[in-house]
Visitor: 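Quick one: this structure, given as structure tokens, is what I'll be asking you about.
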Amino acid sequence: MSKTEQAIGIFDSGIGGLTVASAIQKLLPNEKIIYFGDTAHVPYGDKSSSAIQFYSEKIADFLLSKKCKLIVIACNTASAAARKSTAEHVKNVVVLNVIDPVVDYVSTHFNKSTIGLIGTKGTINSRVYPKAIQKKNSKIKTNSLATPLLAPMIEEGFFNNNISKTVISAYLEKSSLQNIDALILGCTHYPLIQKEIETVYKKKKQKVKILNSADIVAQYVKESLKQQKLLAKKSTPKHEFFVSDYTSSFEESTKIFFGGKVKLKEVDLWKSK
Ligand code: DGL
């Protein structure tokens, strides 16, 4: 198999990264995707950095064993904790994360603006986003808020209903998220509640651009493959989806995140049965 025909490896703590996989599939329909969801360890949001670094290296090794030509860390929490260690661990294959593309985008498109950021406790407490944005463009102010209820709520299928509306509004009422020009959805689960977030700001008559990292990251993946001359020349999919702990409910939920039918295979990276 020539290198251009090899797959793009994508991983997340669970199924949230499928929003990124879906955007990549739409932009690059010729590419084969191998996805890994670490459902045995989800959520990553309140795990230690060292644990997330360990999991990420193991998953990267698995994706390399499947001969992936590029690896995408499709999880903000893992990107915050393990983007450097994973890239150092992986030799010969480029490792992209979901934070750098968004930082680049914001730094060039929102000069002199105030940007809101929501994400897991791990992502927000790391301060990776504000530090990186400040370094690229010191005229941008970043207001961060940890929104730990959102990922589990979405994972349980609670969105577009009264419960999600109440939880989302409660977070978006916080003073740090008022009078902002844009809001970064700093968690790969959040594209599923993007419309609900937009509605809250519209009702308050505040013009806030909601930044969905999935599309920005997909563009970045395209550029990286192009630069490395690794874009697939002909259509190669049959995508493959792996999880570290299989449940039928996860398989059901994948449809919400990816659309269409996804067949999950369990792979034993940690368990000794
Ligand atoms: N998908 C993860 C992220 O983008 C959040 C879920 C978790 O806490 O594992 O940060």
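Only heavy atoms go into these numbers, but all of them, side chains included; no hydrogens, no water, no symmetry mates. Whatever order the structure lists ligands and atoms in, that order sets their numbers, starting from 1.
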Visitor: With side chains defined as the heavy atoms from C-beta onward, is the minimum distance between Phe241 and His239 less than 4.5 Å?
Guide: yes
Visitor: We want to know whether Gln6 and Lys66 form a side-chain donor-acceptor pair, criterion being a heavy-atom distance below 3.5 angstrom.
Guide: no
Visitor: Is the shortest distance from a heavy atom of Cys75 to ligand 1 less than 4.0 Å?
Guide: yes
Visitor: Short N/O distance, under 3.5 Å, between Gly45 and ligand 1?
Guide: yes
Visitor: Do any N/O atoms on Asp12 end up under 3.5 angstrom from N/O atoms on ligand 1?
Guide: yes
Visitor: For atom 7 (C) of ligand 1, what is the nearest protein heavy atom, given as residue, atom name and distance?
Guide: Tyr44 N, 3.4 Å
Visitor: Number the atoms of ligand 1 from 1 as they appear, then name those within less than 4.0 Å of a heavy atom of His189, with their elements.
Guide: 1 (N), 5 (C), 6 (C)
Visitor: Under a 3.5 Å cutoff, is there a donor and acceptor pairing between the side chains of Thr120 and Thr77?
Guide: yes
Visitor: What's the spacing between Leu225 CG and Ile8 CD1 if we round to 0.5 Å?
Guide: 5.0 Å
Visitor: Using heavy atoms and a threshold below 4.0 Å, how should the contact between Thr120 and ligand 1 be classified: side chain, backbone, both, or neither?
Guide: side chain
Visitor: Applying a strict 4.0 Å limit to heavy atoms, is Gly16 in contact with ligand 1?
Guide: no
Visitor: Check the side chains of Tyr190 and Thr147 for a donor-acceptor pair under 3.5 angstrom, ignoring hydrogens and angles.
Guide: yes
Visitor: Is the Tyr220 to Tyr105 ring centre distance short of 6.0 Å?
Guide: no
Visitor: Under 4.0 Å from any heavy atom of Pro43, which atoms of ligand 1 are there?
Guide: 7 (C), 8 (O), 9 (O)
Visitor: Does the side chain of Tyr129 come under 3.5 Å of the side chain of Asn76 through a donor N or O and an acceptor N or O?
Guide: yes
Visitor: So which protein heavy atom does atom 5 (C) of ligand 1 come closest to, and at what separation?
Guide: Cys187 SG, 3.4 Å
Visitor: Quick one: look up the protein heavy atom nearest atom 10 (O) of ligand 1 and list residue, atom name and how far away it is.
Guide: Thr77 OG1, 2.6 Å
